[in-house]
Amino acid sequence: METIGTTGMWVSFFAIVLVMLAIDLLWVGGGKEHRVSLREAATWSAIWVGVSFAFAGGLWWTLDGAFGREVANARALEFIAGYLIEKSLAIDNVFVWLMLFSFFAVPLELQKRVLIFGVLGAIILRTIMIFAGVWLIARFDWILYVFGAFLLVTGIKMWWVAEEKPDLGNNPLIRWLRNHLRLSSALEGERFFVMRQSNGKWVRYATPLFLVLILVEISDLIFAVDSIPAIFAITTDPFIVLTSNVFAILGLRAMYFLLADMADRFSLLKYGLALVLVFVGSKMLLLDVIKIPVVVSLAVIALIVTTAVVLSLRKNRRTPRVVPANESS
């Protein structure tokens with residue numbers, strides 16, 4: 001696998017990730033159960049974005065000294081474009097998490113532990129899938145067209161069903177898990193398992209929070225299948241692909257709490273994400289016909305996401321708020 005990543009660069013990357021994960025788990029995620037405030041979530045979201053762009057600057061500086069300005073500019077742009085793609089597509093993942101927590105009535109102060117395991121699982125899963133994808137591309141270069149077709153179809157499907165609300169109550173997977181897991185009847189704080197007496201014996205029961213954790217990890221797998229092929233439209237360098245993916249995931253928990261109280265304001269964002277997938281898929285399918293520069297791809301993706309956010313906010317302001325009867329009295 002050809003890559004610009006040297007041993008020193010890989011070591012530095014993993015060191016940064018471990019330090020940031022330790023901060024997130026022991027400091028931000030540690031302590032007693034508490035509801036993460038909007039200000040706290042916004043602050044940490046800004047920190048994660050800042051660290052990601054600082055890494056991009058460090059990557060540029062390292063490559064500029066080792067390979068020259070042209071390589072440094074190209075690889076740094078690839079990192080930023082890949083980061084923006086993964087960050088944008090991760091928003092859809094956040095919306096699914098919100099839906100799961102709402103369906104199982106998990107309060108915000110009890111969601112942190114599930115999200116911590118969700119982020120860790122996503123990092124491990126995507127690392128495996130990225131190296132598998134790079135290995136496949138190195139041996140079967142035609143698979144890029146398969147990825148492109150898959151993303152194009154996924155984008156069209158996402159646009160088509162953007163307004164549909166999933167019926168979790170009748171979801172076959174949730175029904176199967178409920179029938180095959182020994183579940184307690186209520187949440188037990190942030191605990192995944194509790195011991196209960198049954199017929200004179202102590203029996204381990206999974207809590208509904210453990211069921212939510214399983215569904216969060218499954219959603220990570222589903223979204224990884226969508227998002228990882230997308231970044232291969234930008235680069236097939238495993239160092240750029242992995243670093244941009246991981247940095248996008250690291251800030252996912254903070255972004256979740258940031259969007260937790262305002263998800264309804266971005267009603268048109270799914271259409272924007274669908275267009276991103278259609279654009280990236282089309283770029284991969286037209287690989288031998290037209291070469292779209294990374295800077296153009298970056299601009300197009302940023303424009304699509306920004307436009308979707310702005311139009312969503314405008315639509316939200318124009319939609320009259322329905323006042324419940326108990327508030328009007």
Side-chain angles (χ1 to χ4, degrees), residues 1-7 9-11 13-14 17 55 59 63 67 71 74-90 92-93 118-158 217-250 252 273-294 296-298 300-301:
M1 295 180 291
E2 294 185 4
T3 177
I4 51 92
T6 62
T7 301
M9 292 167 66
W10 281 108
V11 170
F13 163 65
F14 285 117
V17 171
F55 180 84
L59 176 65
L63 295 178
F67 301 104
V71 173
R75 295 298 179 265
L77 277 176
E78 287 175 359
F79 173 87
I80 295 172
Y83 174 79
L84 181 58
I85 288 175
E86 298 304 320
K87 201 72 171 176
S88 301
L89 295 177
D92 206 27
N93 203 355
V119 169
L120 289 175
I123 290 175
I124 295 171
L125 179 66
R126 287 174 185 244
T127 300
I128 296 171
M129 293 180 67
I130 284 169
F131 282 108
V134 171
W135 181 84
L136 285 172
I137 292 171
R139 283 154 181 76
F140 313 103
D141 55 0
W142 50 264
I143 206 168
L144 283 172
Y145 298 104
V146 177
F147 287 166
F150 173 75
L151 292 174
L152 183 62
V153 172
T154 301
I156 294 172
K157 181 181 177 182
M158 183 183 289
E217 297 293 359
I218 291 174
S219 73
D220 284 340
L221 173 62
I222 293 171
F223 282 101
V225 171
D226 287 342
S227 64
I228 288 177
I231 198 173
F232 285 128
I234 303 297
T235 180
T236 57
D237 186 315
F239 185 80
I240 302 296
V241 175
L242 182 61
T243 53
S244 58
N245 253 272
V246 171
F247 275 107
I249 294 169
L250 281 174
L252 203 54
L273 299 180
L275 288 177
V276 169
L277 289 177
V278 169
F279 168 73
V280 173
S282 300
K283 178 183 177 180
M284 296 177 82
L285 289 174
L286 298 174
L287 201 59
D288 292 330
V289 179
I290 180 173
K291 300 286 185 180
I292 302 177
V294 175
V296 174
S297 299
L298 182 60
V300 170
I301 294 166

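What's counted below: heavy atoms across the whole structure, side chains too, no hydrogens, waters or symmetry copies.
- In this view, Leu63 and Ile4, Met9, Leu59, Phe67, Ala72, Arg75 satisfy the side chain to side chain contact (heavy atoms under 4.5 Å, CB included) rule, not counting sequence neighbours.
- Minimum heavy-atom separation, Gly5 to Thr3: N-OG1, 3.0 Å.
- Under the side chain to side chain contact (heavy atoms under 4.5 Å, CB included) criterion, Val296 pairs with Ile292, Pro293, Val300, not counting sequence neighbours.
- Residues Lys283 and Ser297 share a closest heavy-atom pair of NZ-OG, 2.8 Å.
- Listed here is the closest heavy atom pair of Val241 and Thr235: CG2-O, 3.5 Å.
- Taking CD1 of Ile124 as the reference point, atom CD1 of Ile249 lies at 10.5 Å (rounded to 0.5 Å).
- From Thr243, atom OG1 reaches atom CD1 of Ile240 across 5.0 Å, with rounding to the nearest 0.5 Å.
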Using residues 144-157 as the side-chain source, report each donor-acceptor pair under 3.5 Å to any protein atom, sequence neighbours left out, with the distance given to one decimal.
| from | atom 1 | to | atom 2 | distance (Å) |
| --- | --- | --- | --- | --- |
| Tyr145 | OH | Asp288 | OD2 | 2.1 |
| Thr154 | OG1 | Phe150 | O | 2.7 |

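- Ala274 meets the side chain to side chain contact (heavy atoms under 4.5 Å, CB included) test with Met158, Trp159; sequence neighbours excluded.
- The distance from atom CZ of Phe79 to atom CG of Leu84, rounded to the nearest 0.5 Å, is 11.5 Å.
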Identify all side-chain donor-acceptor contacts of residues 125-134 below 3.5 Å with residues at least two apart in sequence or on another chain.
| from | atom 1 | to | atom 2 | distance (Å) |
| --- | --- | --- | --- | --- |
| Arg126 | NH1 | Glu86 | OE1 | 3.2 |
| Arg126 | NH1 | Ser227 | OG | 2.9 |
| Arg126 | NH1 | Asn245 | OD1 | 3.0 |
| Thr127 | OG1 | Ile123 | O | 2.7 |

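- Applying the side chain to side chain donor-acceptor pair (under 3.5 Å) criterion to Ser88, with sequence neighbours excluded, gives no partner residue.
- Not a single side chain to side chain donor-acceptor pair (under 3.5 Å) links Thr236 to another residue, sequence neighbours left out.
- Checked against ring pair (Phe, Tyr, Trp, His ring centres under 6.0 Å), Phe239 has the following partners two or more places apart in sequence or in another chain: Trp10.
- The two residues Ala248 and Lys87 come nearest to each other via the heavy atoms O-NZ, 3.3 Å.
- A side chain to side chain contact (heavy atoms under 4.5 Å, CB included) with Ile85 is found for one member of Leu277, Val280, Ile80 and no other, namely Val280.
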